[in-house]
Amino acid sequence: MNRVRTRIAPSPTGDPHVGTAYIALFNRCFAHRQKGDFILRIEDTDRERSNVQSEKDILSSLAWMGLQWDEGPDCGGDFGPYRQSERSEIYKQHIDQLLDQDKVFRCFCSGERLDKLRQQQMQTKQQPGYDGHCLQLSEGQIAARLAANEEYVVRMKKPESGDCVFEDFLRGEVRISWDQVDMQVLVKSDGLPTYHFANVVDDHLMQISDVIRGEEWINSTPKHLLIYQYFGWQPPVFCHMPLLRNLDKSKLSKRKNPTSIGYYRAMGYLPQALSNYLGLMGWSMPSGEEKFTLEEMTEHFDISRVSLGGPIFDIEKLNWLNGKYIREDLTDDQFAAQYTQWAFDHQKVKQIVPLLKQRVEKFSDVVELGGFFLNGIPDTDSATFAHKSLDALLQVKILQFTLWKLEQSNEWKRDIIESELQSLARALDLKIRDFLFPLFVAISGKAVSTSVIESITILGVDICRARLRQAMETLGGISKKQAKALEKEFNALA
Ligand code: GLU
């Protein structure tokens, strides 16, 4: 039997997501249970959206959770490079092979033509997708267009009728009609591969035996299987895991639940409790025990025990489990040491001290003034937000716009945050003092506090997001309709 090799293949385009840790955990347990390898591969072919900071954060968050990998961009291995942006030459060789064999084709269609096509398909309620226009080009026509240096993408050919049928390890037979599958772009006009192509080439070359990933990829699997077939490669076993859900069963989203691993770290959860909690998502120990270590989970791991009903990510339950870890696993000395390390991280303290020094008269004033740097979500109610001229709706708008602005900015620096908030205040025609009022309350729990811009800078995006969201809730929340209207208004400001 071939060696078991699994992988987690995050795209570094945002905050490290708990869903990534969940999939990593199951891949790791599956591989290690069978003395196999667990690989981390960075899928950064989308050059516009990928960024180095996100990659760093993903690696450090997974490592913090104890989900170390055996091969990866940081530690190497026999199948590298493990970052797709460093594998362009490999993809080029592979696509050339498929072009030579006529398995794929060059498409010269302009963006305009494709937009029109999409519009027509929408009007006539057809399945959107490429219509095969460039399949008709003769060799001579292709050569002429290449000679004229026309831009093109490479698309996959696909069967015209019938179904793609495959076995999913957890779901059994899956049947997807080829009508539903697009002639996927495999290589973009900049010569870089899309996710689908790079993912398959790499899974094959890295000898991945089992692809364990989120169920959102099921509909992509026919495309992937077709690529395996084009090359004559043996596909891996596919296993699509149920997605994590919010309490209301919708797909886990940061609108309803903090999704960034950074948030749980900043809030002072224990990494082993978080990873244990993720192990309870759709899975259970044969003994029914809910508290277990990663080693115990690995030892008893059996993927066929995964249940497909969408697992609910419930913070209350995580809190309960984390509390259990604190009480049962930490000695008083360990608690003291770990708490001190979490609360008084030297870098953070160094930033906070100048803010406190200006305002306190004695050390015993410190907690009253700066306690919010250590607390979770401030305890506020609508009265805390009472203001002489700003009503609740306007405050919600300020908070939401601030959140969007902060989330857009990829540099979390004081000066940038300050100038962005100032320009927002101007755009909303508000005095900066008034504009900052709801932010003060949301972030520190009080109308007067240390500089809110400094505080936001120090607290970081994960904690600020959670506090701004909670403040919006306290102020009455916003409906989907209101959110849409606000989004429109916000986009018009930019
Ligand atoms: N890069 C994909 C992601 O971001 C990987 C999906 C897969 O596992 O095939 O989730």
Side-chain angles (χ1 to χ4, degrees), residues 4-31 37-59 61-62 67 69 71-73 79 81-87 91 156 164 166 168-171 174 176 181 184-186 188 192-228 233 235-244 251-254 259-261 278 281 303 306:
V4 172
R5 288 173 57 83
T6 64
R7 49 49 167 198
I8 182 79
S11 298
T13 53
D15 299 327
H17 198 282
V18 283
T20 305
Y22 156 65
I23 299 293
L25 170 69
F26 281 71
N27 272 286
R28 190 181 189 273
C29 288
F30 182 87
D37 310 312
F38 168 55
I39 288 118
L40 186 142
R41 178 174 74 229
I42 292 292
E43 301 209 323
D44 56 351
T45 55
D46 184 340
R47 297 312 291 155
E48 256 168 48
R49 295 183 58 225
S50 299
N51 68 79
V52 178
Q53 191 55 45
S54 167
E55 178 185 317
K56 274 194 194 146
D57 292 345
I58 292 172
L59 263 63
S61 301
L62 293 177
L67 300 173
W69 42 97
E71 299 166 26
F79 298 83
Y82 293 89
R83 201 177 278 116
Q84 290 187 329
S85 56
E86 294 165 21
R87 299 172 64 83
Y91 308 125
M156 69 195 304
C164 172
F166 64 92
D168 179 275
F169 190 84
L170 288 171
R171 292 155 205 267
V174 177
I176 296 174
V181 179
Q184 178 67 48
V185 173
L186 298 183
K188 296 172 280 186
L192 289 177
T194 55
Y195 151 73
H196 302 279
F197 190 60
N199 181 274
V200 168
V201 169
D202 287 349
D203 280 348
H204 173 73
L205 295 179
M206 296 182 181
Q207 296 180 13
I208 300 303
S209 59
D210 299 79
V211 167
I212 304 171
R213 61 183 174 191
E215 76 185 68
E216 74 266 39
W217 300 104
I218 290 189
N219 289 335
S220 298
T221 307
K223 296 174 189 171
H224 299 176
L225 285 167
L226 211 48
I227 303 175
Y228 282 100
W233 294 338
V237 175
F238 285 99
C239 176
H240 290 94
M241 297 283 293
L243 288 183
L244 302 183
K251 180 178 156 195
L252 190 70
S253 62
K254 62 181 173 193
T259 53
S260 164
I261 301 171
L278 291 175
M281 297 287 96
I303 195 144
V306 169

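Source: prediction; values computed, not measured. Worth knowing before you read on, the calculation uses all heavy atoms, side chains too, and leaves out hydrogens, waters and symmetry mates. Whatever order the structure lists ligands and atoms in, that order sets their numbers, starting from 1.
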message: Check for me whether the distance between the ring centres of F30 and F26 falls short of 6.0 Å.
response: no

Shortest protein contact, [atom] (heavy atom only):
| atom | result |
| --- | --- |
| atom 9 (O) of ligand 1 | Y195 OH, 2.7 Å |
| atom 5 (C) of ligand 1 | A9 O, 3.3 Å |
| atom 10 (O) of ligand 1 | W217 CZ2, 3.5 Å |
| atom 4 (O) of ligand 1 | S11 OG, 3.2 Å |

Below 4.0 angstrom from a heavy atom of [X], which ligand 1 atoms are there? Numbered from 1 as shown, please.
| X | result |
| --- | --- |
| E43 | 1 (N), 2 (C), 5 (C) |
| N199 | 7 (C), 9 (O) |
| R7 | 7 (C), 8 (O), 9 (O) |

- request: Before accepting this row, confirm whether a basic side-chain N of the pair R5/E71 lies closer than 4.0 Å to the acidic partner's carboxylate O.
  value: yes

query: Side chains of L205 and R87: closer than 4.5 Å at any heavy-atom pair?
result: yes

query: Under 4.5 Å between any side-chain heavy atoms of R41 and N199, yes or no?
result: yes

query: Where does the angle between the aromatic ring planes of F238 and F166 fall among parallel (under 30°), tilted (30 to 60°) and perpendicular (over 60°)?
result: perpendicular

message: W69 vs Y82, test: ring-ring contact (aromatic ring centres under 6.0 Å, His included). Steps then yes/no.
response: CA-CA 12 Å; W69 42 97; Y82 293 89; over 10 Å; no

